2 protein chains.
Amino acid sequence: MLPKATRRGLADEAADLVRDAIFAGRIAPGARLREVNLAEELGVSRGSVRDGLAQLEKEGLVRSGWHRSTTVIDVTPRDVQEVYELRAALDRLAATTARRAATEAGLDALDGLIAGMEERARDGASDSELAAADLAFHDQIYHLADNDRLTAAWHTIRSQIRLFHLCRIADAAADYRARVVEEHRKIVDLLRGDDEPALARYAQEHVDIARRVLLATMEEAPS
Amino acid sequence: MLPKATRRGLADEAADLVRDAIFAGRIAPGARLREVNLAEELGVSRGSVRDGLAQLEKEGLVRSGWHRSTTVIDVTPRDVQEVYELRAALDRLAATTARRAATEAGLDALDGLIAGMEERARDGASDSELAAADLAFHDQIYHLADNDRLTAAWHTIRSQIRLFHLCRIADAAADYRARVVEEHRKIVDLLRGDDEPALARYAQEHVDIARRVLLATMEEAPS
DNA sequence: CGACCATCGAATGTCAACATTCGACATTGA
DNA sequence: TCAATGTCGAATGTTGACATTCGATGGTCG
């Protein structure tokens with residue numbers, strides 16, 4: 001499968017740039033994004049910046065109102081609760097649908113992703129890399145489910161989840177590193193099996209575990 | 001509670017106008033929406049139309065690509081399958097969350113909505129009115145769940161569901177009219193009860209029934 | 001006769017200037 | 001001193017003109 005090579009506009013480019021800046025920590029949660037500033041900084045027109053910010057709003061990374069600056073979302077316990085509750089429902093549907101529709105090649109791809117994940121966990125890759133591998137694994141499950149609307153819903157919270165990962169504290173990361181491979185391997189096992197209720201249950205539990213760990217770190221160190 | 005009196009821009013206005021035109025049947029599924037035409041017809045600039053169409057795309061009512069006209073979505077069996085599968089998962093989460101968080105006043109509001117629904121079903125209101133009452137009922141459940149991300153996900157398929165309703169054939173409408181009150185009343189009963197698994201199951205079943213009826217009418221008369 | 005390619009028209013992407021609106025600061029009065 | 005209000009600056013909403021791209025049409029070559 002070749003990379004998409006899809007023709008994109010400046011708006012998408014601007015959205016990518018701003019998104020990366022947020023994930024790199026160069027733009028903090030809660031910061032205000034002024035269209036004029038970004039337009040000048042990125043070297044594109046305000047219209048393009050505007051469209052790009054609209055895309056980021058679709059991803060839930062920023063919020064905006066009438067004649068009010070768009071701001072990067074805050075990361076509060078409530079936000080985490082909301083996103084992970086929704087994610088549990090989506091992951092459950094994605095997993096059960098993928099189990100019925102998946103081909104052998106598709107499941108093998110999941111094995112490959114887990115292998116890469118294991119390698120990174122052992123070699124001491126950065127937390128960010130590990131989190132990216134985690135997301136890539138779930139991306140593949142959504143891809144196997146082959147439901148455009150479901151994938152779109154996933155994309156409306158995917159970026160927020162990635163942002164949450166940036167707030168993880170060190171000890172939580174160690175805990176995460178110890179479990180991540182095992183948990184994902186269990187998902188693949190269930191995808192290959194016949195017990196759909198068990199798969200549905202575990203897909204939700206996988207998310208619930210992540211939610212609880214994340215909320216615990218936030219209460220310990222409320223930044 | 002006063003009406004919001006929220007200040008809106010021309011883009012939102014344009015989005016509302018186009019959305020209504022689609023629901024009124026003045027713009028058919030699959031039709032191409034040219035920015036220049038709409039701008040002239042609505043008396044606003046192309047930029048505003050552009051933003052409005054972006055909003056409709058967020059609702060899944062239209063699709064667009066790079067340098068390609070945005071088009072109203074088609075209603076194929078696959079679209080129905082995708083949307084209703086996702087809706088089942090969302091409704092399940094909304095119902096179970098609402099059961100835990102709902103106040104007595106909130107549940108009473110549901111009773112009121114059902115009463116209005118029953119009245120309309122008896123007095124021979126139009127299918128469109130009945131469908132609107134149906135959506136209003138589920139809107140209230142999402143409101144009770146009090147999860148902004150979940151509500152946002154609901155809004156990305158709500159308009160599509162309304163569009164699907166327009167394709168319903170007469171005999172399916174009769175069937176729908178006979179069951180609609182009973183089914184929704186059962187949901188409220190379960191919301192007031194203690195059996196969460198039963199509520200989760202029935203919230204999904206309620207959607208599955210609608211999906212099957214709709215798909216059956218589409219196979220009989222594939223427009 | 002079929003397939004490939006250049007050309008053209010129409011529609012979208014981009015831009016910079018103008019109009020409108022919000023939030024904050026200073027001012028005034030009790 | 002505090003609260004209400006008028007004023008001002010800065011940022012967003014809106015607009016029309018310009019640049020770019022897609023799809024079709026027609027022609028040419030194998």
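These figures come from a predicted structure and were not determined experimentally. Computation of the quantities below employed the complete heavy-atom set of this structure, encompassing side-chain atoms and omitting hydrogens, waters and symmetry-equivalent molecules.
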Among A:Ile157, A:Leu135, A:Asp134, side chain to side chain contact (heavy atoms under 4.5 Å, CB included) partner for A:Arg162: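 Result for side chain to side chain contact (heavy atoms under 4.5 Å, CB included) with A:Arg162: A:Leu135.
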Quickly, which of A:Ile114, A:Ile141, A:Leu113 forms a side chain to side chain contact (heavy atoms under 4.5 Å, CB included) with A:Val188? Name it, please.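 Among A:Ile114, A:Ile141, A:Leu113, the one meeting side chain to side chain contact (heavy atoms under 4.5 Å, CB included) with A:Val188 is A:Ile114.
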Fill in: Pair A:Arg26 + A:Asp20: basic N to acidic O under 4.0 Å
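The answer is no: the pair does not qualify as a salt bridge.
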Q.
Rounding to an integer number of Å, can you tell me how far A:Gln55 CD sits from C:dG13 P?
A.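 About 13 Å, once rounded to whole Å.
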On DNA chain C, compare the nucleotides closest to B:Ser69 and A:Arg32; which residue's is nearer the 5' end?
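Nearer the 5' end of the strand: B:Ser69.
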Do you see a donor-acceptor pair shorter than 3.5 Å between the side chains of [X] and [Y]?
X	Y	answer
A:Asp127	A:Tyr176	no
A:Thr76	A:Asp79	yes
A:His138	A:Arg87	yes

>> Going 5' to 3' along DNA chain D, which are the first and last nucleotides with any atom under 4.0 Å from a heavy atom of chain B?
In response: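 Here the contact window of chain B covers D:dT14 to D:dG23.
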At under 4.0 Å between heavy atoms, what does B:Leu33 touch on the DNA or RNA strands: base, sugar-phosphate, or nothing?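 The residue B:Leu33 makes sugar-phosphate contact but no base contact.
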Indicate every side-chain donor-acceptor pair of residues 60-71 of chain B with a distance under 3.5 Å to a residue at least two apart or in another chain.
residue: B:Ser64; atom: OG; partner: B:Glu57; partner atom: OE1; Å: 3.2
residue: B:Ser64; atom: OG; partner: B:Glu57; partner atom: OE2; Å: 3.4

Least distance between heavy atoms, B:Gly52 atom then B:Ala15 atom:
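Looks like O-CB, 3.7 Å.
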Which atoms of nucleotides 14-16 of chain C (N or O only) lie under 3.5 Å from a protein N or O atom, and what are those distances?
residue: C:dT14; atom: OP1; partner: A:Leu10; partner atom: N; Å: 2.4
residue: C:dC15; atom: OP2; partner: A:Ser45; partner atom: N; Å: 2.9
residue: C:dC15; atom: OP2; partner: A:Ser48; partner atom: OG; Å: 3.1

